[in-house]
Colleague: 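Got a structure for you, questions after.
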Amino acid sequence: MIGEYVTFQLDKCTGCAHCVKACPTRAIRIRGHKAVHHPDLCIGCGECLRVCPEGVIQSNVESRFPLDKDKTNAAIISPALYSQFPDTMPCDVLRAVKKMGFDHVVDLSFHLEMFQFAVERFIAQNRETRQAPFPLISPICPVVIRLIALKHPTLLDNILPIRRPAVMIADDVRKKLQSIHNITGSEIEIFHITPCPSKALSQEMVLKDEIGSVDRTIGINAVYPEICKHVENIREKELDIYDTDPFANIPNARGPMWSKSGGEINPLRDEGLLAVSGLREVRNCLEKIEMGVFDEMNYIELRVCPQGCLGGPLTAVDRHMAKQTVQKLVRTFGVNRRLPPYKLQRLYDRGWFFANIRPSDFTDYYPDQRRALTIDQMQEIENLVSLLPGVDCGVCGAPDCRTFAEDVVRGRAKRSDCFRLREIDNNKEGNT
Amino acid sequence: MAALKKSFQLKSRDFIHAGEASISVQNMLKQIGIESALIRRVAICAYEGEMNAVMHGENGSFRIEVNTDKIILDISDEGPGIEDIAKAMEKGFSTASEEYREMGFGAGMGLPNMETHSDRLDIESEKGQGTRVVMRFSLSPGSRENKTGQSA
């Protein structure tokens with residue numbers, strides 16, 4: 001289902017409306033002193049989680065993870081996890097996750113390098129011919145993709161049609177595990193340990209060919225305490241994962257860097273690159289892309305979380321600390337290229353990197369897109385807005401006066417919900 | 001006949017708010033279900049026009065009118081005016097100051113872009129008398145994507 005990224009436990013809700021104001025797509029209202037969430041407008045950004053003072057709103061990413069011992073369990077590690085442990089080597093973080101009981105731990109750094117190779121190739125091949133619309137938009141942040149589908153459908157074609165690294169790797173891992181252990185796909189459970197609340201639904205993650213690639217998602221904050229415990233106990237290389245695990249690549253700093261805003265584009269050899277992070281900035285940037293301001297740019301990395309993925313709502317440590325840790329890792333390990341370009345080129349030529357489904361197939365993903373207003377209704381909204389107080393007090397239960405006017409015209413709110421309109425309407429009645 | 005009108009005041013050299021009128025127009029057109037490609041064209045024209053009025057003009061005003069068959073953008077200011085309109089229409093011609101060029105403007109593509117993306121562009125201007133730019137976009141029956149009127 002669309003938009004079921006969060007759950008509201010309404011018994012604790014006080015109707016304070018913090019979430020109503022924070023929601024970038026205006027998907028929340030207060031009705032009868034309780035929050036009402038409209039999942040068909042939700043992009044899973046997690047802003048409401050961040051601001052709720054009562055803890056009413058929960059991410060649907062799992063926080064408990066009893067492993068099914070009858071299955072082969074593999075954990076794909078979001079690069080942001082490394083940023084959570086300031087004094088621990090990335091390889092020890094992998095060891096610690098393995099100690100939690102996973103049969104395999106999967107590091108993404110080679111796949112990040114592959115993705116970045118594909119970005120460079122795609123730009124080089126299409127820049128002169130302009131067969132793809134420029135600037136290209138990074139497909140990495142799932143919230144950005146949904147924000148585009150909901151608010152900026154004209155930009156769907158600008159999304160780079162390359163599979164995201166986590167998807168490439170999930171498919172790889174499943175295939176490899178099947179042949180190594182001689183088991184079927186259903187005997188494998190692939191987890192994704194992530195800072196991102198919008199990955200709650202692996203089925204609807206971003207592009208539809210991601211269906212089935214990841215079975216379960218767990219928030220970093222849920223596993224953090226246990227990883228901390230194991231990390232302390234790793235004194236020597238008592239557990240050499242590199243002998244037993246084909247996916248525990250020796251991480252360099254490419255992964256940690258990736259989780260920081262700019263880390264996706266920094267290793268690219270290209271001039272026309274931009275990185276933007278933070279919801280407000282991203283929205284601003286999308287509006288400007290639509291108005292042609294960035295037409296000269298080649299590729300734009302957009303991440304809705306402040307400072308990038310390491311600022312995700314499901315992280316455990318402060319994002320500025322995490323950023324500092326990343327910088328330290330980059331200085332220590334660097335982001336050297338480790339894969340032979342000719343092999344990557346061969347994969348690229350075979351179409352291996354490309355997503356099967358174009359983002360433009362998401363045009364009608366959000367039903368609200370189909371509910372257009374008439375010109376008369378739009379004028380009615382404008383007229384109503386001119387009567388409203390304009391201070392966005394939120395007492396009516398909508399985030400701002402304009403949204404309230406839209407709700408009234410769409411029949412989702414009553415005029416009398418606004419104190420000013422109530423006054424005006426009462427006076428009219430009194431006069432007649 | 002149904003018509004939707006909205007106007008905005010533009011403040012000279014106010015780069016904090018410059019572009020907001022265009023964004024608000026863009027959002028409005030999306031809500032009434034105008035076809036994406038057309039919104040993109042209107043948005044580009046609106047932004048170029050708005051930025052011109054903010055950069056060069058005084059007391060700018062920005063008006064949009066949406067009828068069932070056309071969209072009209074009418075942007076005017078009381079600025080220095082355009083001395084030679086034919087020259088201003090040439091690609092790459094710009095009178096933008098060094099300061100504006102440093103901000104990324106002044107590529108001399110503003111008016112040519114507006115001409116390319118609108119169905120009709122009219123410029124009234126005289127030196128010292130300000131500038132008025134009117135852009136028209138025709139709405140064919142198909143350009144509302146069969147989405148009209150289905151309020152939920």
Side-chain angles (χ1 to χ4, degrees), chain A residues 24-26 38 40-41 133 148-158 274 283-297 360 362-364 366-383 385-386 400 402-403 405-413, chain B residues 1-7 18-51 64-71 103-105 107 109-110 113-114 116-117 139 143-152:
Chain A
T25 59
R26 303 181 192 131
H38 297 281
D40 59 345
L41 289 172
I148 292 173
L150 182 65
K151 293 279 180 193
H152 305 274
T154 59
L155 298 178
L156 280 168
D157 284 326
N158 293 56
L274 281 184
R283 290 170 70 191
N284 204 322
C285 181
L286 289 172
E287 279 160 352
K288 287 192 171 165
I289 297 175
E290 239 173 356
M291 295 190 296
V293 178
F294 297 125
D295 278 1
E296 301 305 310
M297 288 290 128
S360 52
F362 273 61
T363 310
D364 283 333
Y366 284 101
D368 204 61
Q369 287 296 329
R370 295 193 289 272
R371 296 179 200 135
L373 294 159
T374 63
I375 293 176
D376 288 328
Q377 284 174 315
M378 201 67 213
Q379 187 63 54
E380 211 181 319
I381 291 175
E382 295 296 334
N383 296 344
V385 166
S386 67
D400 53 72
R402 169 164 285 272
T403 305
E406 279 175 40
D407 284 352
V408 171
V409 171
R410 287 188 191 269
R412 294 170 184 167
Chain B
M1 194 167 71
L4 172 63
K5 289 178 191 167
K6 199 166 175 182
S7 62
E20 283 180 1
S22 306
I23 289 170
S24 136
V25 160
Q26 216 186 88
N27 289 338
M28 195 171 86
L29 296 179
K30 280 178 195 165
Q31 283 187 311
I32 57 174
I34 302 288
E35 173 205 7
S36 323
L38 180 57
I39 294 181
R40 192 95 187 253
R41 285 167 52 210
V42 176
I44 291 170
C45 292
Y47 185 73
E48 296 282 7
E50 184 179 357
M51 292 316 286
I64 178 164
E65 191 180 317
V66 185
N67 290 321
T68 43
D69 60 339
K70 63 181 176 297
I71 298 173
M103 291 166 74
F105 300 107
M109 290 306 293
N113 263 344
M114 289 190 239
T116 319
H117 293 290
L139 281 177
S143 50
R144 293 197 61 198
E145 291 189 342
N146 305 322
K147 295 199 216 171
T148 45
Q150 299 168 18
S151 62

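Labels below follow one simple rule: chain letters A, B, ... track the order of the sequence lines, proteins then strands, and each chain is numbered from 1. In what follows, every heavy atom counts, from backbone to side chain, and hydrogens, waters and symmetry copies are set aside. All values reported here derive from a predicted model rather than from experimental measurement.
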Colleague: Side chain, backbone, both or neither: which part of A:Glu290 has an atom under 4.5 Å from a heavy atom of chain B?
Modeller: both

Colleague: Using non-hydrogen atoms only, which part of A:Leu155 is less than 4.5 Å away from chain B: side chain, backbone, both, or neither?
Modeller: side chain

Colleague: List the steps and the verdict of side-chain contact (heavy atoms from CB on, under 4.5 Å) for A:His152 and B:Lys30.
Modeller: CA-CA 9 Å; A:His152 305 274; B:Lys30 280 178 195 165; 3.3 Å; yes

Colleague: Please round to the nearest 0.5 Å and tell me the distance separating atom CG of B:Leu139 and atom CD1 of A:Ile375.
Modeller: 7.0 Å

Colleague: Would you say B:Ile23 and A:Met291 make side-chain contact, with heavy atoms under 4.5 Å?
Modeller: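 B:Ile23 vs A:Met291: side chains touch.
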
Colleague: Between A:Glu296 and chain B, with a heavy-atom cut-off of 4.5 Å, which part of the residue counts as in contact: side chain, backbone, both or neither?
Modeller: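 When you check distances to chain B, no heavy atom of A:Glu296 falls under 4.5 Å.
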
Colleague: Atom OG1 in A:Thr154, atom CD in B:Gln26: separation rounded to 0.5 Å?
Modeller: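 So the OG1 of A:Thr154 and the CD of B:Gln26 are separated by 7.0 Å.
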
Colleague: Please round to the nearest 0.5 Å and tell me the distance separating atom CE of B:Met28 and atom CD of A:Glu382.
Modeller: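 Spacing of CE (B:Met28) from CD (A:Glu382) equals 6.5 Å.
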
Colleague: For atom NZ of B:Lys6, decide whether the heavy atoms of other residues, nucleotides or ligands shown that lie under 6.0 angstrom number more than 12.
Modeller: yes

Colleague: Side chain, backbone, both or neither: which part of A:Arg283 has a heavy atom under 4.5 Å from chain B?
Modeller: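 The answer is neither part of A:Arg283.
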
